[in-house]
2 protein chains.
Amino acid sequence: MDKRKRLILHAIIQDYISSAEPIGSRTLVKRHQIDLSPATIRNEMADLEEMGYLQQPHTSAGRIPSPKGYRYYVNSILEDSSLTPQDLSRVEELISAAGISLSKNPRQLARLLAAVTSYISLIAEPSDNVQDIRHINLIPLSATSAICLVVLGDGTVKHHSISIPEGVTTQEIDALSVFINRRLQGVQLQHIDSRLLCSLRAEFAGNLSLVDDIFYMVRHLMVADGQELVMDGATNLLKEPEFKDVDKVRELFRTLEQNEQILKLMGSGSSRLEDLDIKIGPEMGLESFSECSLVVATFNLTDRKVTLGILGPARMQYAKTIGFIRWLREYFSSGGS
Amino acid sequence: MDKRKRLILHAIIQDYISSAEPIGSRTLVKRHQIDLSPATIRNEMADLEEMGYLQQPHTSAGRIPSPKGYRYYVNSILEDSSLTPQDLSRVEELISAAGISLSKNPRQLARLLAAVTSYISLIAEPSDNVQDIRHINLIPLSATSAICLVVLGDGTVKHHSISIPEGVTTQEIDALSVFINRRLQGVQLQHIDSRLLCSLRAEFAGNLSLVDDIFYMVRHLMVADGQELVMDGATNLLKEPEFKDVDKVRELFRTLEQNEQILKLMGSGSSRLEDLDIKIGPEMGLESFSECSLVVATFNLTDRKVTLGILGPARMQYAKTIGFIRWLREYFSSGGS
DNA sequence: TGTTAGCACTCTGTTCTATCGAGTGCTAAT
DNA sequence: ATTAGCACTCGATAGAACAGAGTGCTAACA
């Protein structure tokens, strides 16, 4: 790929990102004041298409970037992705409007991400399934309720209230506490499954409903608490011309409603804390996302980690989005809340 | 409104609900084997339109029900809204597939509602804002974390973990505990606002960040925990012909993203526990909902109340929806989980 | 007086055609 | 290697014609 081809590919992608319309040779020359004739550009375009970086919607239309084209753009062309002063001041304004609770309130954070990027924002707490249970503690609060504390391998403490059925004595609760600890200590969260529950129920002599409660609470730590997915800005994508067809929108949203798939998508390959992970269209392996791109990054907040994603059209403003995410990481790591 | 007009209105609404297309006199006669000529029906239709129960999309189209028409249908025509055996068995199948946790897990419940009705389901815990705080308790867990317990006026206990900044002594925590109790005891949740926070910060001499933490946690009880909104089935509405236009969809979803409005909508008029509340189109006062209807009901679950709503097109299958909600209430009150 | 047949009219949606315009690929000239 | 020229392609747009479903009105009828 020679320098001129890079330049042309860059120009086409930039134009297509902002216009959403196929770019022709003539238009390109005009808009970028290139010192070549349209015919030359056409030749280069034909080459780029042959190489797989561009595609043509129909025989006699301009070119649009292919997924491979976007990939090349993201990997090898994009350089400066710092925020413009305008963007920066807008972000700061939105942050101050959101209040103090950004890092504590995923919904607020999601709203901010969506507002800034004008794409869909996704926030997940990274999966803790390999954590093991260090200790489980039952603290009676009253005759009918107690708090169950779970201390995990890394020292984090989770807790949840459970209600105690009538007629259960303190002794029974103590016995249960001992039993639960003996059986669950050291068990990884990912192994809290229904098979385990069956064996628990078989082994324990006392009140089974309490065992159930505790079991589901611990399981909840893993599934719901540890893997909650917060989303915002779904309507933003409806502004994009690629989604003016309701059927596409329906397929897209239907996939979004299946949290597991999205969590999987955000989980895979996000191990690198350093930077961010970009998935373009077909790379996600979901038919309904074939015209989308997803930018995923994992953040260290003050007290925990979160994984966040920006889902936009494949024709996404990569520079701006990446710039914002990097800025946000900087913001949090330098004490922003 | 004489008997024949009722009959005709009923027939038109039924047909329109299932077909989504304006109903003409000829079609109506054929489909319902009415012993009158189309011309007579036309006269009656013209009357019904004059009375406000029907409207015409254009001069030479059939009639569709007006909001007033739906209102009359719901209030005065609808009688039998019990589930058909097929529906019933489908519901039971879905419930058993969902597992045990229906009444504990709002998301599961929302998913069920959406699946059964094929509309949008909304679940909110009813607002507890008038509750007052009876007691606040800080339980240190370790040097850097504690649990904050809040006992509300009705005896319910809420809790949340907070992290303790370095260098804060046990004495300070005790002092804070005393201070917080003195200042917040008896305060209603709805009065936990930023003005109160300011005066707290002004009065307290110790670590302000801890005050903030507790304050936001209590506030969270009210806003997020007490008023969380769970939604499912948004894609269902995209199947309906009235939403084949992306712009309408965008407006609708944009409104749905503003939880406060929806919560307000579900809160108003849902005081009657007995039955359910139906809001038709313009009655909701939201432009983007003008072609929708909302059915709201409040449920007594084993340990708490929830308000749930079904949002569908104004052309909703009212009988089925109402029947299902009544059945579900029966199911929960007779020990279903 | 309520009901109905007949008729002219209205309005939408569809299909077909013509046309415009942006863009391409190819060839030959520079 | 670059470019001017040219024939061709294809989508989008606009207009015309037409079919179909439905209405309102009038006059006849039981």
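Keep in mind that the numbers below use all heavy atoms, side chains included, and drop hydrogens, waters and symmetry copies. Throughout, a chain's letter reflects where its sequence line sits, starting with A, and its residues are numbered from 1.
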Q) Using 4.0 Å as the upper bound for N to carboxylate O, is an ion pair formed by A:Arg315 and A:Glu240? A) yes
**Q.** NZ/NE/NH1/NH2 to OD/OE distance under 4.0 Å, A:Arg111 and B:Glu257
**A.** no
Q) Does any residue of residues 29-57 of chain B have a heavy atom under 4.0 Å from DNA chain D, and if so, which ones, in number order? A) B:Arg42, B:Met45, B:Gln56
Q.
Testing the basics here: between A:Ala319 and A:Leu78, what is the closest heavy-atom pair and its distance to 0.1 Å?
A. CB-CD2, 3.7 Å
Q) Charged N to carboxylate O under 4.0 angstrom, B:Asp87 versus B:Arg90? A) no
Q: Please check if the side chain of B:Ser121 supplies one atom and the backbone of B:Ala110 the other of a donor-acceptor pair under 3.5 Å.
A: yes
Q. Using 4.0 Å as the upper bound for N to carboxylate O, is an ion pair formed by A:Asp245 and A:Lys248?
A. no
Q) In whole angstroms, how far is the C1' atom of D:dG22 from the CZ atom of B:Arg63? A) 9 Å
Q) Salt bridge or not for B:Arg31 and B:Asp15, using N-O below 4.0 Å? A) yes
Q) Just the endpoints, please: which first and last nucleotides of DNA chain C, 5' to 3', lie under 4.0 Å from a heavy atom of chain B? A) C:dT3 to C:dT12
Q.
Whether the side chain of A:Asp232 engages the backbone of A:Ile120 through a donor-acceptor N/O pair (distance < 3.5 Å, no angle test) should be reported.
A. no
Q: Measure from the side-chain N and O atoms of A:Lys68 to the backbone N and O of A:Met51, and report whether any donor-acceptor pair falls under 3.5 Å.
A: yes
**Q.** Interatomic distance, A:Arg4 CZ vs D:dA1 P [rounded to whole Å]
**A.** 10 Å
Q.
Can you tell me how the ring of A:Phe253 sits relative to the ring of B:Phe253, calling it parallel under 30°, perpendicular over 60° and tilted otherwise?
A. parallel
Q) What are the residues of residues 16-28 of chain A, sorted by number, that bring a heavy atom to within less than 4.0 Å of DNA chain C? A) A:Gly24, A:Ser25, A:Thr27
